[in-house]
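It should be emphasised that the depicted structure is a prediction, and the values quoted were computed from it without experimental measurement. In what follows, chains are A, B, ... by sequence order, proteins preceding strands, each numbered from 1.
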Amino acid sequence: MSSSRRQYPFHLVEPKWQQFWTDRQTFRAFNPGETLPPEHPFARRHQLGGKTVSALDLPPKFYVLDMFPYPSGAGLHVGHPEGYTATDILARYRRAQGSHVLHPMGWDSFGLPAEQYAVKTGQHPRITTEANIANFTRQIKSLGFSYDWSREVATTDPEYFRWTQWIFLQIYNSWFNPETNRAEPISTLKYPPERDRDPNVPPNIHRAVEEAKRREFADRCRLAYVSEAPVNWCAELGTVLANEEVIDGKSEVGGFPVIRKPMRQWMLRITAFAEKLLADLDTIDWSASLKEMQRNWIGRSEGAEVDFAVAAPRESAAEPNENENGGALPSRRYEGELKIRVFTTRPDTLFGATYMVLAPEHALVDEITTEEQWQAVEDYRAHTARKSDLERTELAKEKTGVWTGAYAINPVNGEKIPVWIADYVLASYGTGAIMAVPAHDTRDFEFATKFNLPVMQVVQPPDPKMDWHGFLDDGTSVNSTGPEISITGLATPEAKKKITAWLEEKGLGKKTINYKLRDWLFSRQRYWGEPFPIIWKKDANGILQHEALPESALPLLPPALDDYKPTPDGQPPLARAKDWLTLPDGSTRETNTMPQWAGSCWYYLRYLDARNKTTFVSKDAESYWMGSEKLPISNSQSSISNSPSQPTPGVDLYVGGTEHAVLHLLYARFWHKVLFDLGHVSTPEPFFKLVNQGLILGENGQKMSKSIGNVINPDAIVTEYGADAFRLYEMFMGPLEMSKPWSTKGVEGVYRFLGRVWRLFVDEQSETEFEQNCAAHPVREAEFLTQIRLNPALCDAAPTTAQLKTLHTCIKKVTEDLDGLRFNTAISAMMVFISEAMTWEVKPSAVLADFIVLLQPFAPHLTEELWGKLVAHAKPGARDPQLDLAYQPWPKFDPALLVEDTIELPVQVNGKFRDVIRVAVDAPAAELEATALKAGKAQPFLVGKTVKKVIVVPKRMVNIVVA
RNA sequence: GCGCACGUGGCGAAAUGGCAGACGCGCCAGACUUAGGAUCUGGUUCCGUAAGGAGUGGGGGUUCAAGUCCCUCCGUGCGCACCA
């Protein structure tokens, strides 16, 4: 399979320079307060050698970040290096431009596969994880990325997760103050007067609030709290999952069924940040589709809550004695004071509400169901409770439900309307109850049709011919006049306003904003995750209460286990460690662990100060690298700032896959906002610009997978073609954000290009000798490398104007394309340059030195080798031959060189291209017109015609309009 | 069903509203070679010997001029999915 002859000895060149970079710490970044080694190229470039630097001494920062990988046993996938190469090129480019670049890498190393392997084999997940990290490190290093490895982090490192646990404690010890609209320490929380205690608590548990002690009230307000509620339980994975991890009723990982099951779990109050998470999307430079995904997930909708009084049971509330006879029912205490609260985005359709529906789990169902309907309601509830979420969605086509026997009063017109229960109404959204307006809601219409409920038009479509049945958009209210309020004749927005104002005035309802976002289920029944720094203690009443461990107890390590399975009675694996579990005072440890997202929520902050032993990140490092001064975002979809002197707040560029759109990227923003509110970080958003790389498909255009057998192994490509060719190909395939199929033939194309670059620079004769020597003494290959001489055509000769033009065209294109992240077209510009330069008999070294600097970010190994030969044997123009290639200043193009004296202009006749004319670049319009009218190939289309008009766009084209 | 992207040669793709197909793959021809799966040179959207004509998913529109802007239909991908 191996191709005949190497284009160039990359197998020697690449390890050589990787070793050089490691030895020299070439890509180390420095924090304020550090003393710069005099010999370091960064210090040399910026004249900071030996100096103890402050943030003011350092050049502008550029923080370019990759989504750190989970180090799986399968090793690196070709998708990983796609993003890594893009960020590495940018890192190297900005370094050359003079920025102080932070480009780190680490490991998201907690995770299920290592734990599952431990369950099977008994091998500790740490062993598996370390082996996988070692393999990933080898693979990533073989690609020559310019990471600052001194800042490497692993989420499984106790010195790392110490701070993950610490941040959890900050969250635990905070609450969201609606008055200041931010997170605050729990100490600022005041026990409220009874009247206005926690309006977020649904009415049905209000009693519990009334009885709550101060402590319980605090626990209820914490941003990390314990909840006993139905959660997503995945039996196959043996753990609960967050809403974001459940797709179509199946687990995101593995696709196993997920059921709803009530369990006591830790939750994080992300819903308190819903509005900020939504609004601040406008301040960051992310793709429109990604922002849209987050917006949809947060799911803000504006509307109104409306109270419907429940009609007294039986025929009439006027016969109070009836109530006392209803003893067979579980609860008949009400005298019309019972209310059903609904949420609607269309209060203007209130007159069209012809029935109501409660979720089967709704607390009022027990109270309002009549004796006659009791059995039917019970059966229905039992039936829906058995259904998994998956079944509930799959069976969505056919609506089901039963009547409770009760009626409610429509507050706008006093109509008595029946109250049903149906599983198309979700307990977890809004108030768990709806008013049904079958005329203007698809689901209500289906339900009304099936159960023969009345349908009443209340909105007239703008087009009178349009059928009003199922008309959902804005129109004009009709049939909407009651005894006290009328909105008939009003357009939908006005109707909404008027009726909402009336409801508020009457105390019947109020304007409300609802979110689809739910609180984040934060605990998992696993071994291989961060243990919660929480213990449980019995209080005076014998009730278990949770309590935070002191910071001095961190890091809290997981116990050693022989068996990583859950306990036989279904407790998480940590419960097996009896010694660990119980403390001397009898209190017990929390046995759940944090989800994998915990570590990835803040790793980008740890990179800033990765070895700090006293805090998660020092203030100086944080404010320098995150760039505290806030810049207003321009409303255009700007690319990253073109000027290195303009740092952006937060991470300047974050590149990763789209699979984290509503997981990691939402969670990390949430944690960051809490840390911001508490004063631990200086920017409200973590990631200023974010780019999603597209998927790399197999050669057959299908998604790479083991079962299809179309997986490309990066190691094999690097062995065959070298890291530079691999990097170059991944960037040449197409736009970064697009998904595109792999083509090994395409790798050969860029590999040939690198070979041409090599042959342009080196002496053919000396290379032949090198190959002969290598063949004779394979073990000494590396030392023969220095025998390869520079191509004699490469010399100190002054460049011609044409050569400078070729160079500067290339500089311009590559620079502009890198600013716009258009790597593929930047590479094609360099290919054009090389094709041209190959034809030069005399190759001025100054021109080629600039080209080397352009190519360096893309193919760093090859260019280092050629740069070494160039500076050793020729003058690299005005460049400092002592300065490392990685820090050589990026060349600037001279616009004056790119101006042509004469240009070719297309001539069109009636918009069709016919000929080109060569004219002076600044020729006046009249001259262009005259020349165009004489253009030879245009003549056949002009004879016998009248010229009606001539459009002249100087420097662009001439269009002759004839009739 | 709703939302968001995207449809250009045999393939990956280029094209501030102004010469469609840069660059690369593949293919064809030539040069150098004992040889070529190395390298170099030329060609390569389709129809046509040519002049020329057609052409960026289909249809319509705006414009002197549309791959690009607008409308509509079709197709592909992604996201959400009974969210009231």
Item checked: N692(A) (side chain) donor-acceptor with G656(A) (main chain) under 3.5 angstrom -> yes
Next item on the list: Give one of base, sugar-phosphate or nothing for K948(A), where a contact means two heavy atoms less than 4.0 Å apart.
Entry: nothing
Notebook entry, point to check: Within the structure shown, what part of the strands sits under 4.0 Å from M838(A) by heavy-atom distance: base, sugar-phosphate, or nothing?
Noted result: sugar-phosphate
Checklist line | 5' priority, RNA chain B, between A433(A) and W297(A) [closest heavy atom] | finding: W297(A)
Next item on the list: Please examine the side chains of W297(A) and Y515(A), heavy atoms only from C-beta on, and report whether any two atoms are closer than 4.5 Å.
Entry: no
Margin query: Does R300(A) reach a base, just sugar-phosphate, or nothing at all? Heavy atoms under 4.0 Å.
Written below: nothing
Notebook entry, point to check: Between R914(A) and G53(B), is there a side-chain N or O to OP1/OP2 distance below 4.0 Å?
Noted result: yes
Next item on the list: Scan nucleotides 10-15 of chain B nucleotide by nucleotide, 5' to 3', and note B when protein non-hydrogen atoms come under 4.0 Å of the base, S if they reach only the sugar-phosphate, - if neither.
Entry: --BSS-
Notebook entry, point to check: Is G9(B) in the syn or the anti form, by the rule that syn lies within 90° of 0?
Noted result: syn
Check: Between F753(A) and F732(A), does the ring centre distance come in under 6.0 Å?
Finding: no
Note to self: Quick one, K740(A) with E82(A), criterion salt bridge (charged side-chain N to carboxylate O under 4.0 Å, His left out). Give me CA distance, side-chain angles, the key distance, then yes/no.
What the structure shows: CA-CA 11 Å; K740(A) 52 238 158 194; E82(A) 186 190 15; 2.7 Å; yes
Checklist line | Beyond-backbone contact of Y429(A) with R518(A), side-chain heavy atoms, under 4.5 angstrom | finding: yes
Note to self: Check this for me, if you would: do D282(A) and R295(A) make a salt bridge, where the nitrogen-to-carboxylate-oxygen distance has to be below 4.0 angstrom?
What the structure shows: yes
Margin query: Under 4.0 Å, counting only non-hydrogen atoms across every strand here, what does V961(A) touch: a base, just sugar-phosphate, or nothing?
Written below: sugar-phosphate
Margin query: For V953(A) and R756(A), find the nucleotide of RNA chain B closest to each by heavy atoms; which residue's nucleotide sits nearer the 5' end?
Written below: V953(A)
Check: Reckon K516(A) touches a base, only the sugar-phosphate, or nothing at all at heavy-atom distances under 4.0 Å?
Finding: base
Margin query: Please classify the nucleic acid contact of N296(A) as base, sugar-phosphate, or nothing, using heavy-atom distances under 4.0 Å.
Written below: nothing
Notebook entry, point to check: If you look at every heavy atom in L760(A) and N791(A), which pair is closest and at what distance?
Noted result: O-ND2, 2.9 Å
Next item on the list: Answer with base, sugar-phosphate or nothing: what part of the nucleic acid does S743(A) contact at a heavy-atom distance below 4.0 Å?
Entry: nothing
